[in-house]
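Okay, structure first, notes after.
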Amino acid sequence: MTPDLKRIFGCFAAEASFLSGYSFGPGHIHDTYRITTEEKDCDDYILQRLNGNVFKDIPGLQENMERVTAHLRKKISAQPERNVKRECLTLMPSRETGKSFFTDDDGSYWRMFIFISDHRSYERVDSYSRAFEGGRIIGQFQAMLADMPGEPLHETIPDFHNIVRRLETFHRVIEKDPAGRVSSARNEIEEIIRREEEMKTIIRLGEEGTIPLRITHNDTKFNNILFDADDRALLIIDLDTVMPGYIHYDFGDAIRTATNRANEDSEDISSVSMDIEIYKAYAEGYLKAARETLTSTEVEYLPFAPKLLTYIMATRFLTDYIDGDNYYKIKYPLHNLQRNKVQITLLKDMEAKYGKMVQIIKNIAK
Ligand code: ADP
Ligand code: GN1
Ligand code: MG
């Protein structure tokens with residue numbers, strides 16, 4: 001049932017009047033609605049009911065988001081010819097409390113952003129200039145947050161990209177087999193297990209202090225980048241998981257989604273493969289914006305990052321399938337298993353192209 005969007009919209013301090021509200025966008029996590037307004041010269045809005053199953057501390061999450069957007073806004077405003085309203089998310093305050101969220105009678109949390117009008121977003125990328133732009137905007141995002149002052153951000157999902165923890169959960173769920181699905185996923189389970197040690201590399205480097213913990217986005221799926229009508233990247237949205245992390249998480253997840261010639265849940269496995277030229281264009285954009293803030297070891301391990309993030313998603317989709325589909329929204333019973341198969345196929349293609357991936361980074365960074 002659609003909630004009373006007009007009433008909830010009225011709880012935020014927007015000047016405009018509600019005209020209509022409808023479900024919007026490709027997100028897997030929150031319930032997202034676009035709100036149109038009556039007045040011609042007023043903004044539209046994005047209203048979101050936040051997923052309290054996935055995010056256990058929403059006030060903490062919103063505090064992160066307020067700090068991060070304030071810092072980005074300051075940086076962007078200090079540069080000439082930038083449009084801060086289109087290059088940074090604007091959270092609307094609640095009329096009652098002035099906070100950046102509102103709690104409904106049933107305990108649901110809501111928040112509202114100004115809608116970034118006339119934007120484009122892409123599930124996959126087939127243009128080098130779009131890939132370059134995507135890389136540039138994520139490199140710039142990390143570089144702008146490199147000097148954010150204050151306490152470390154809240155860890156909105158603890159151990160989000162910690163593959164050691166993800167694998168522990170994976171084995172626990174297999175052991176329990178709550179939905180009786182283990183026997184239908186033997187090959188897929190094996191593909192995860194045989195790569196376990198290799199995939200602990202980044203966590204190990206971090207724990208040894210060889211690479212620094214920074215502020216990273218952690219969900220740089222390409223459709224979280226919004227472009228303008230001329231295909232210039234405006235910003236990266238979906239800031240729920242901005243928290244301490246390794247830069248490889250952002251580089252890897254963007255490459256995982258941008259370079260795949262098929263969708264994340266494609267039913268045609270034969271169409272899944274990595275476009276190495278898109279990888280190259282993305283890496284050029286990313287390093288142009290971020291190179292100065294990175295250490296040589298961080299750069300050295302960039303080519304490994306797409307393999308890691310593809311593996312993490314393969315593990316998470318498979319874990320959710322075996323667990324009985326409690327995390328990701330699914331459209332049919334085998335959806336999570338199919339998502340896992342796409343990731344494993346993509347990972348194998350990345351493994352085959354790994355030598356080239358390494359060489360490309362060496363050439364750009366030299
Ligand atoms: P989820 O975590 O569920 O993916 P997102 O925060 O990414 O949620 O939002 C879902 C979708 O809503 C996005 O993919 C995008 O299409 C749209 N969206 C979110 N915020 C804005 C905004 N400020 N302006 C325009 N569209 C937005
Ligand atoms: C989720 O929120 P969304 O749809 O951009 C997930 C990501 C996964 C992605 C896979 C908080 O991203 O980690 O990569 O699905 N976000 C969360 O499609 O779990
Ligand atoms: Mg999203």
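Fair warning: this is a prediction, and the values are worked out from it, not measured in the lab. When a ligand or atom number is given, it counts from 1 through the structure's own listing order.
In this structure, K280 forms no cation-pi arrangement with Y128, as its terminal cationic atom is not both closer than 6.0 Å to the ring centre and no more than 45° off the ring axis. For the pair R34 and F115, the cation sits on the ring face: its NZ or CZ lies under 6.0 Å from the ring centre, inside 45° of the axis.
Here the shortest heavy-atom pairing between Q343 and A314 reads CB-CB, 3.6 Å. Nearest heavy-atom pair across I157 and V54 is CD1-CG1, 3.6 Å.
Those atoms of ligand 2 with a heavy atom of Y327 less than 4.0 angstrom away are 11 (C), 17 (C), 19 (O). Residue contact check: E264 has heavy atoms under 4.0 Å from atoms 10 (C), 18 (O) of ligand 2. For ligand 2, the atoms sitting less than 4.0 Å from at least one non-hydrogen atom of Y328 are 8 (C), 15 (O), numbered in the order shown with element in parentheses. Atoms of ligand 1 found under 4.0 Å from any heavy atom of H119 (numbered from 1 in listed order, with element): 25 (C), 26 (N). Distances below 4.0 Å separate heavy atoms of D238 from the following atoms of ligand 2: 2 (O), 3 (P), 5 (O). If you number the atoms of ligand 1 from 1 as listed, the ones under 4.0 Å from a heavy atom of L89 come out as 23 (N). The distance from ligand 2 to the heavy atoms of H28 drops below 4.0 Å at these ligand atoms: 4 (O), 10 (C), 15 (O), 18 (O).
Of the candidates F115, F24, Y33, F55, the one placing a heavy atom closest to atom 17 (C) of ligand 1 is F24. For atom 19 (C) of ligand 1, the nearest non-hydrogen atom from the set T241, L226, I116, I237 belongs to I237. Here atom 9 (O) of ligand 1 lies nearest to Q48 when heavy atoms of H30, Q48, M112 are compared.
The existence of a salt bridge linking E133 and R130 is excluded, since no basic side-chain nitrogen approaches an acidic carboxylate oxygen closer than 4.0 Å. Between R120 and D230, none of the side-chain N atoms (NZ, or NE/NH1/NH2) sits under 4.0 Å from a carboxylate O, so this pair counts as no salt bridge. With respect to the salt-bridge test (charged N to carboxylate O, under 4.0 angstrom), the residues E264 and R256 qualify. Between K353 and D275, none of the side-chain N atoms (NZ, or NE/NH1/NH2) sits under 4.0 Å from a carboxylate O, so this pair counts as no salt bridge.
The part of T32 lying near ligand 1 is the side chain, judged by heavy-atom distances below 4.0 Å. With a heavy-atom cut-off of 4.0 Å, M313 touches ligand 2 through its side chain alone. Here K221 has side-chain heavy atoms under 4.0 Å from ligand 2, and that is the only part of it that gets that close. Of the heavy atoms in D240, none comes closer than 4.0 Å to ligand 2. The residue H161 has no part lying near ligand 2, judged by heavy-atom distances below 4.0 Å.
H119 and F24 have perpendicular rings, their planes meeting at more than 60° on a 0 to 90° scale where under 30° would count as parallel.
Looking at ligand 2, you'll find an N or O of N224 within less than 3.5 Å of one of its N or O atoms.
Residue-ligand proximity: R339 is placed with every non-hydrogen atom at 4.0 Å or more from ligand 2. Using 4.0 Å as the threshold, E123 has no heavy atom nearer than that to any atom of ligand 2. For the pair S121 and ligand 1, no heavy-atom separation below 4.0 Å is found. The closest approach between I114 and ligand 1 falls below 4.0 Å for a heavy atom of the residue.
Side-chain rings of F141 and H217 approach one another, their centers coming within less than 6.0 Å.
Here the rule is ring pair (Phe, Tyr, Trp, His ring centres under 6.0 Å) with F317, and of Y327, Y328, F170 only Y328 fits it.
Atom CD of E277 has more than 12 neighbouring heavy atoms from other residues, nucleotides or ligands inside a 6.0 Å radius.
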